[in-house]
Protein chains: 2
Amino acid sequence: MSNLDQARVASRSTETTRAALIKAATSVFAEYGYDGGSVRLITQRAMANQAAVNYHFGGKDGLYREVLIAATRAFEENAFLDPEELDALSPEDALRRYLHQFLLPLVKRDRVSRFLRIFAWESVQPSEVFSAFIAHSPPRIFRLAERVVRRFLPQEASAETVTFAMLWLAQQPMFFVRDAERLAQPPFSLKFDEDALERLVDTLAGLSLRGLAGV
Amino acid sequence: MSNLDQARVASRSTETTRAALIKAATSVFAEYGYDGGSVRLITQRAMANQAAVNYHFGGKDGLYREVLIAATRAFEENAFLDPEELDALSPEDALRRYLHQFLLPLVKRDRVSRFLRIFAWESVQPSEVFSAFIAHSPPRIFRLAERVVRRFLPQEASAETVTFAMLWLAQQPMFFVRDAERLAQPPFSLKFDEDALERLVDTLAGLSLRGLAGV
DNA sequence: TTTCGCTTCAAACGAGCGTTTGAATTTCAA
DNA sequence: TTGAAATTCAAACGCTCGTTTGAAGCGAAA
């Protein structure tokens, strides 16, 4: 009908506003978390009206859901890290690849970095939206980590041991990404350029592979 | 003067109110962080008047500062973990002791657990009060972790490597303590009783000592 | 050009926040 | 017992929050 056609044509400016809001919301939620990120700041950065959030997404929670969908899509992109790509590598290389990929946000301040930071917020301040969102599909970072640790652990390892090891590995890069800004200041004063990132990957891979005693 | 005497004597009921406020503030800030924890909820739990916070502590930030002081005192207590106690143990036992001590909050829902959770909040949402508080004295958990890793690393290890390894170790127990509630729910469903805690210490100690390849 | 949805907009609403106020109450030396 | 200082209290202030409202702007079909 003409209604639909109108909607489709008019959706060009609609999509502009929607996309600007999602982009602004991603950066705001990454900075301040879901509760701390205000609709006023989001619409200000998106150069949109405050009411636009409710008009296009039904409310703040609807906008956040769209951000999470975009984040999931970004992680699922094969360009980020393909599960089968991990299987093709040796266990050691798979581990290094995993660490490197999830530490990349330290030097590339891109969308993925902001998505990881949103996940970090959720680990301290879980929102209902996020809980419902991941209820039936654990975040990819955990599935990839499990795939890596299973390459190392013996077949007879208990499910609990696998889970412990998986969480142990998964949170290692998340910590450095989440706390990067704090670590950049005294008393740590860690500045992450590309060389420092490589050294960090080396150190973490060494620790994870052989432990403290093997460094 | 009589003024001072009065103040000293009257301070009995004053101390009651102050202590109740600090205790309530500790649990509220542990649950909701500094920004998310409201003065109204704190005074409600302490069964005190809202204005009491400003009267006794000058404001919300003053109360938070007192909580951080109490937290520091709790960590500095030798009963928690004595740095020299670590040196008396073998490197392996020092590592196990360190992990066990910082994972204890998983089964003991005590004050220390709440203080650790406040630190977790600060790693995502740093408050000015906290930043000023730790500016010239890094939290004990990091100093202890450095002491442990130095037992393992070779003398010629670079300062950066020591820092990487120290952070790597320090954040391992913090993760499990911080995310305990989330890990208790699907898809992980980890319930931490005392036996599970021992198994977790075993697993983490094994991973940290010998790495994934040595499990 | 008129008409009709879709979208934008400024303004306001109600709720929660930290803080202030000034009076009421308690405490204790004199 | 009296009087002054310390403490408590209910109420209100000013602010930010997410959301709602109704009018204005807009583009395309008629």
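Note: hydrogens, waters and symmetry copies are ignored here, and every other heavy atom, side chains too, is used. By convention in this document, chain letters (A, B, ...) are assigned in the order of the sequence lines, proteins followed by strands, and residues within each chain are numbered from 1.
- Of the possible polar contacts, one joining the B/R117 side chain to the B/A30 backbone as a donor-acceptor pair under 3.5 Å is found.
- Rounded to whole angstrom, the span from the CE atom of A/M47 across to the P atom of C/dC9 amounts to 11 Å.
- To the nearest angstrom, P of D/dG18 lies 8 Å from CD1 of A/I42.
- In this structure the side chain of A/F102 never reaches within 4.5 angstrom of the side chain of A/V177, judged on heavy atoms.
- At least one side-chain heavy atom of B/R18 sits under 4.5 Å from a side-chain heavy atom of B/F57.
- Between the side chain of A/E194 and the main chain of A/V107, no donor-acceptor pair closer than 3.5 Å is present.
- Taking the side chain as every heavy atom from C-beta outward, B/L169 and B/L99 approach each other to under 4.5 Å.
- Between the P atom of D/dG18 and the CD atom of A/Q44 lies a distance of 13 Å, rounded to the nearest Å.
- Remark: A/T17 is in phosphate contact with C/dT8, judged by side-chain N or O atoms under 4.0 Å from OP1 or OP2.
- When rounded to the nearest whole Å, the span between CZ of B/F29 and C1' of C/dC17 equals 13 Å.
- Remark: A/K60 fails to qualify as a cation-pi partner of A/F29 under the 6.0 Å distance and 45° angle criteria applied to the six-membered ring.
- Note on B/H56: every side-chain N or O is 4.0 Å or more away from OP1 and OP2 of D/dA6.
- One atom, CD of A/E15, and another, P of C/dC6, lie 15 Å apart when rounded to the nearest Å.
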Task: Base-contact (B) and sugar-phosphate-only (S) positions in nucleotides 19-24 of chain C, heavy-atom cut-off under 4.0 Å, - elsewhere - done: BBB---

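- Residue B/Y55 contributes atom OH, which lies 5 Å from atom C1' of D/dT7 at whole-angstrom precision.
- The nearest whole Å value for the distance from the CZ atom in B/F57 to the C1' atom in C/dG18 is 16 Å.
- When heavy atoms are screened at a 4.0 angstrom cut-off, B/G37 is found touching the sugar-phosphate backbone but no base atom.
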